[in-house]
Amino acid sequence: MPSTLMPRTRRAIVATTLTLSVTGALAACGTGGTKLPPDPKVGNASAASPVADATTALPPSKPTGMKIDAAGVDAKKMVDLKVDATTGELGVPDADTDANNPGWWTEGATPGEKGVSVLVAHFDTRHGPALMKDVKKIKLGDLIEVEREDGRTAKFKIREIEDVNKKDFPTDKVYGETQRPELRLLTCGGEIKDGHRTNNVIFYADLAP
């Protein structure tokens with residue numbers, strides 16, 4: 001039986017509150033280790049936004065996996081994530097058990113539903129390279145495919161890539177309300193400082209026809 005989902009109106013309120021009260025950046029990830037990949041110097045890129053079209057939206061259904069052919073990503077599990085009310089940081093998949101599994105912010109839209117759906121995945125952990133180790137291979141126009149509990153696959157086309165210091169995390173841009181189904185995929189980037197990656201790499205994507 002599919003898990004119970006937060007009503008859309010409640011999730012919209014939570015998202016609005018988030019943009020006003022917390023940073024929305026990822027909790028610390030990418031802790032130093034001995035087998036880490038090189039710093040992911042992804043950079044920024046963008047394309048034109050599509051015209052809003054709510055008719056393509058899918059009904060609510062929890063995500064169960066994620067595939068990105070461009071980066072060799074093919075995960076068959078999705079971890080539930082929440083924002084820490086104390087720090088204002090979005091949680092990440094457990095580095096010890098889910099380094100190769102993405103996570104979904106449960107208080108946002110489900111992938112393919114009208115609104116913003118936020119996914120998170122590790123670039124690396126103290127154990128070494130993780131699910132998004134080949135993040136530099138992902139380009140504008142590539143697809144992020146998200147499998148759902150209802151058996152459908154929501155396919156999102158990347159229109160913007162942003163590599164930003166965590167101190168400058170664009171909370172409103174990432175979590176703000178939208179009138180079409182959109183996806184944000186977050187991972188860590190930048191150099192390691194004090195045991196953690198300095199940046200967040202953010203992919204902005206729209207539901208493809």
Side-chain angles (χ1 to χ4, degrees), residues 3 5-6 10-33 36-37 39-42 44 62-63 66 73 75 77-111 115-133 135 138 144 146 160-178 182-205:
S3 302
L5 297 173
M6 182 187 295
R10 169 59 178 158
R11 281 185 273 122
I13 292 172
V14 170
T16 301
T17 302
L18 179 68
T19 63
L20 296 174
S21 63
V22 300
T23 67
L26 299 183
C29 60
T31 52
L36 298 183
D39 296 351
K41 299 177 181 178
V42 176
N44 301 310
K62 289 186 65 175
M66 182 179 75
V73 171
K77 177 182 176 181
M78 188 71 67
V79 180
D80 289 349
L81 302 176
K82 295 184 180 298
V83 169
D84 187 304
T86 302
T87 65
E89 292 180 326
L90 178 59
V92 298
D94 187 285
D96 295 324
T97 60
D98 289 301
N100 288 304
N101 293 311
W104 166 61
W105 178 49
T106 59
E107 293 174 341
T110 62
V116 173
S117 179
V118 181
L119 303 184
V120 175
H122 285 290
F123 169 73
D124 59 12
T125 71
R126 62 189 179 88
H127 302 293
L131 185 66
M132 297 297 291
K133 61 183 181 295
V135 64
I138 302 175
I144 301 172
V146 185
E160 183 174 356
I161 303 170
E162 191 169 20
D163 190 348
V164 61
N165 191 286
K166 292 179 181 180
K167 295 183 294 184
D168 301 317
F169 188 86
T171 303
D172 291 348
K173 183 177 177 181
V174 171
Y175 295 94
E177 187 176 356
T178 177
E182 297 186 24
L183 182 75
R184 312 285 188 254
L185 172 59
L186 282 59
T187 190
C188 284
E191 62 183 355
I192 293 179
K193 185 176 181 179
D194 298 327
H196 300 287
R197 295 284 177 186
T198 57
N199 290 13
N200 282 151
V201 176
I202 307 165
F203 295 94
Y204 300 83

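Below, each value reflects all heavy atoms present in this structure, side chains not excepted, and no hydrogens, waters or symmetry copies.
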Going from [atom1] on [X] to [atom2] on [Y], what distance comes out if it is rounded to the nearest 0.5 angstrom?
| X | Y | atom1 | atom2 | answer |
| --- | --- | --- | --- | --- |
| R126 | D96 | CZ | CG | 4.5 Å |
| E182 | E177 | CD | CD | 11.0 Å |
| T178 | L183 | OG1 | CG | 12.0 Å |
| E162 | N199 | CD | CG | 10.5 Å |

Closest approach of [X] to [Y] (non-hydrogen atoms, all atoms of both residues):
| X | Y | value |
| --- | --- | --- |
| N101 | A75 | OD1-CB, 4.4 Å |
| H122 | A99 | CB-O, 3.8 Å |
| P93 | G103 | CG-N, 3.7 Å |
| G91 | L81 | O-CD1, 3.4 Å |

Hey, are the side chains of [X] and [Y] touching, using non-hydrogen atoms and a 4.5 Å cut-off?
| X | Y | value |
| --- | --- | --- |
| K173 | Y204 | yes |
| V116 | V174 | no |
| F203 | L119 | no |
| T187 | R197 | no |
| M132 | P102 | no |
| P63 | V146 | yes |
| I202 | P170 | yes |
| W104 | T110 | yes |

| task | Give me the ring orientation class for Y175 and W105: parallel if the planes are under 30° apart, tilted from 30 to 60°, perpendicular past 60°. | result | perpendicular

For [X] and [Y], indicate whether the former's side chain and the latter's backbone hold a donor-acceptor pair under 3.5 Å.
| X | Y | result |
| --- | --- | --- |
| T198 | N165 | no |
| N100 | L131 | yes |
| K62 | T106 | no |

| task | Would you please test N200 and C188 for side-chain contact (heavy atoms from CB on, under 4.5 Å) and show each step? | result | CA-CA 4 Å; N200 282 151; C188 284; 4.1 Å; yes

| field | Contacts of D94 that satisfy salt bridge (Lys or Arg N to Asp or Glu O under 4.0 Å) - sequence neighbours left out | value | none

| said: D168: which residues meet the side-chain hydrogen bond (donor to acceptor under 3.5 Å, both in side chains) condition with it, sequence neighbours left out? | reply: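 In terms of side-chain hydrogen bond (donor to acceptor under 3.5 Å, both in side chains), with neighbours along the sequence ignored, D168 is linked to no residue.
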
